Number of protein chains: 2
Amino acid sequence: MPPPSTRVQLLDAAEHLFAERGFRGTSVRAITDRAGANLAAVGYHFGSKAELLAAVIRRVVEPINAAQNAGLDRLLARTPDPSVTDLVEAFAGPLFDEMPVGDEGGARTSRLIVTILGDPAEEMRAWTGPAEDTIRDRFLAAFGRALPGLSPEELWFRVRGILAVTAVDRVQAYQQDAPSGLSPVAGDAARQWAITFLAAALSAPPTGSRS
Amino acid sequence: MPPPSTRVQLLDAAEHLFAERGFRGTSVRAITDRAGANLAAVGYHFGSKAELLAAVIRRVVEPINAAQNAGLDRLLARTPDPSVTDLVEAFAGPLFDEMPVGDEGGARTSRLIVTILGDPAEEMRAWTGPAEDTIRDRFLAAFGRALPGLSPEELWFRVRGILAVTAVDRVQAYQQDAPSGLSPVAGDAARQWAITFLAAALSAPPTGSRS
DNA sequence: GTCTATAGAACGATAGAC
DNA sequence: GTCTATCGTTCTATAGAC
């Protein structure tokens with residue numbers, strides 16, 4: 001693996017710009033300028049702009065995946081049936097922790113993730129692979145055991161809610177649209193608030209059940 | 001107000017295409033083609049592509065705003081301190097109900113909203129006005145009364161969670177990434193699930209409080 | 001109010017010298 | 001591995017005829 005090469009600087013620049021302006025809003029010229037590289041460097045190192053995007057996403061997502069898997073392993077080694085709160089923490093925690101240094105409290109990376117999830121362009125969702133499916137299925141199974149009585153569909157709805165809250169929320173916090181008089185959200189507080197919020201949400205009785 | 005004019009057909013076409021491909025992914029040509037209008041029509045009727053977007057957003061958002069306001073009025077007329085569930089319903093319900101006919105169960109409009117909220121482009125967030133601020137503040141105040149003991153910051157975090165869950169969730173449901181073996185989510189079920197999920201989340205004890 | 005025609009700029013990709 | 005130069009495309013916006 002080469003030293004702080006052009007390749008890495010392109011990845012850094014692209015990650016920043018894709019997060020800030022989206023895929024289509026970022027030109028190859030803007031990336032190479034920021035990276036201090038030549039316009040042709042993207043083609044040489046990655047083949048195309050879309051393949052550069054895929055490399056950026058993989059670099060961001062892989063440590064999150066690994067931490068989610070490791071967290072679940074640790075939990076299951078302790079007890080076969082972890083609590084909902086522990087599962088939420090294992091799933092959502094890495095979305096807060098596994099952010100590169102230099103990121104403004106992870107907000108920029110969160111924004112990249114939201115940009116990816118929300119972008120209707122096909123390039124944006126072409127990167128998911130078997131690793132993502134495996135993690136999803138493992139957590140779904142664990143949540144299913146912790147929350148019997150929930151239909152698979154409603155369970156899936158709730159698990160998706162975890163991603164929605166963790167990702168979207170911090171992006172909006174990063175933007176300017178907070179009511180006046182509120183102090184900006186610290187990263188640590190948001191992490192705890194999210195887990196409180198989500199653990200309660202996941203633990204709600206099934207819709208339609210008698211109270 | 002003129003009949004089903006070119007202007008309206010441009011709005012319809014633009015709404016569809018912005019939702020499907022994003023703002024930057026949609027060309028003025030694609031819009032005018034779909035509307036059966038001339039390329040110059042966007043400039044004539046709206047001034048620019050960005051102003052057309054603003055008009056599209058306003059048309060989608062205004063009935064939602066109105067329904068949220070009316071719902072809160074109705075609630076407050078009945079009791080000065082509505083329950084958390086009632087407030088969630090009044091806030092989130094219109095996000096499910098106030099969708100134009102012809103929309104695939106509201107999924108397309110949800111996608112437009114996510115495209116707006118998630119898009120880093122400035123044009124996408126330049127449309128908010130005093131109406132949005134007023135509604136937000138009214139609901140914040142009502143939730144604050146229903147949830148004493150919650151700091152304003154954590155309350156704001158939770159209220160933002162409502163929008164995150166309702167909008168993002170249905171977009172992901174609309175996309176292809178559900179685990180195999182799960183039936184697609186019906187709109188009515190999602191509405192109920194979301195309210196269950198969010199009412200429990202909002203009602204969680206403040207983070208850090210003793211159980 | 002609708003059209004043609006085009007200006008003017010930006011884009012992604014790549015050929016080929018070094 | 002890095003660079004210059006450029007090709008071919010696509011874009012928004014607008015001038016001006018009808």
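Computed over heavy atoms, backbone and side chain alike; hydrogens, waters and symmetry mates excluded. Order of the sequence lines fixes the chain letters, A, B, ..., with proteins taken first and strands second; residue numbering starts at 1 for each chain. In this text, all values refer to a predicted model and were calculated from it rather than measured experimentally.
- Defined by atom type and a distance below 3.5 Å, a donor-acceptor pair is missing between the side-chain atoms of A/E154 and A/S151.
- Note: CG (A/D33) to P (D/dT2) measures 16 Å, nearest angstrom.
- Among residues at least two apart or in separate chains, side chain to side chain donor-acceptor pair (under 3.5 Å) pairs with a member in residues 23-39 of chain A are A/H16-A/R34.
- Evaluation of the ring pair (Phe, Tyr, Trp, His ring centres under 6.0 Å) rule for B/F143 yields no partner, not counting sequence neighbours.
- For D/dT2, the OP1/OP2 oxygens have a side-chain nitrogen or oxygen of A/T6 closer than 4.0 Å.
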Using a cutoff of under 3.5 Å, can you pull out all pairs of nitrogen or oxygen atoms linking the protein to nucleotides 6-14 of chain C, with atom names and distances?
from, atom 1, to, atom 2, distance (Å)
C/dC11, OP1, A/S27, OG, 3.4
C/dG12, OP1, A/V28, N, 3.4
C/dG12, OP1, A/K49, NZ, 2.9
C/dG12, OP2, A/V28, N, 2.8
C/dG12, N7, A/R29, NH1, 3.1
C/dG12, O6, A/R29, NH2, 3.3
C/dA13, OP2, A/K49, N, 3.1

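- Residues satisfying the ring pair (Phe, Tyr, Trp, His ring centres under 6.0 Å) test with B/F197, not counting sequence neighbours, are none.
- In this view, A/F23 and A/F18 satisfy the ring pair (Phe, Tyr, Trp, His ring centres under 6.0 Å) rule, not counting sequence neighbours.
- Rounded to whole Å, atom P of D/dA13 lies 15 Å from atom NE2 of B/H45.
- Screening residues 84-93 of chain B for salt bridge (Lys or Arg N to Asp or Glu O under 4.0 Å) gives B/E89-B/R191 as the qualifying pairs, with residues at least two apart or on separate chains.
- For the pair B/R21 CZ and D/dT10 P, the interatomic distance rounds to 14 Å; values are reported in whole Å.
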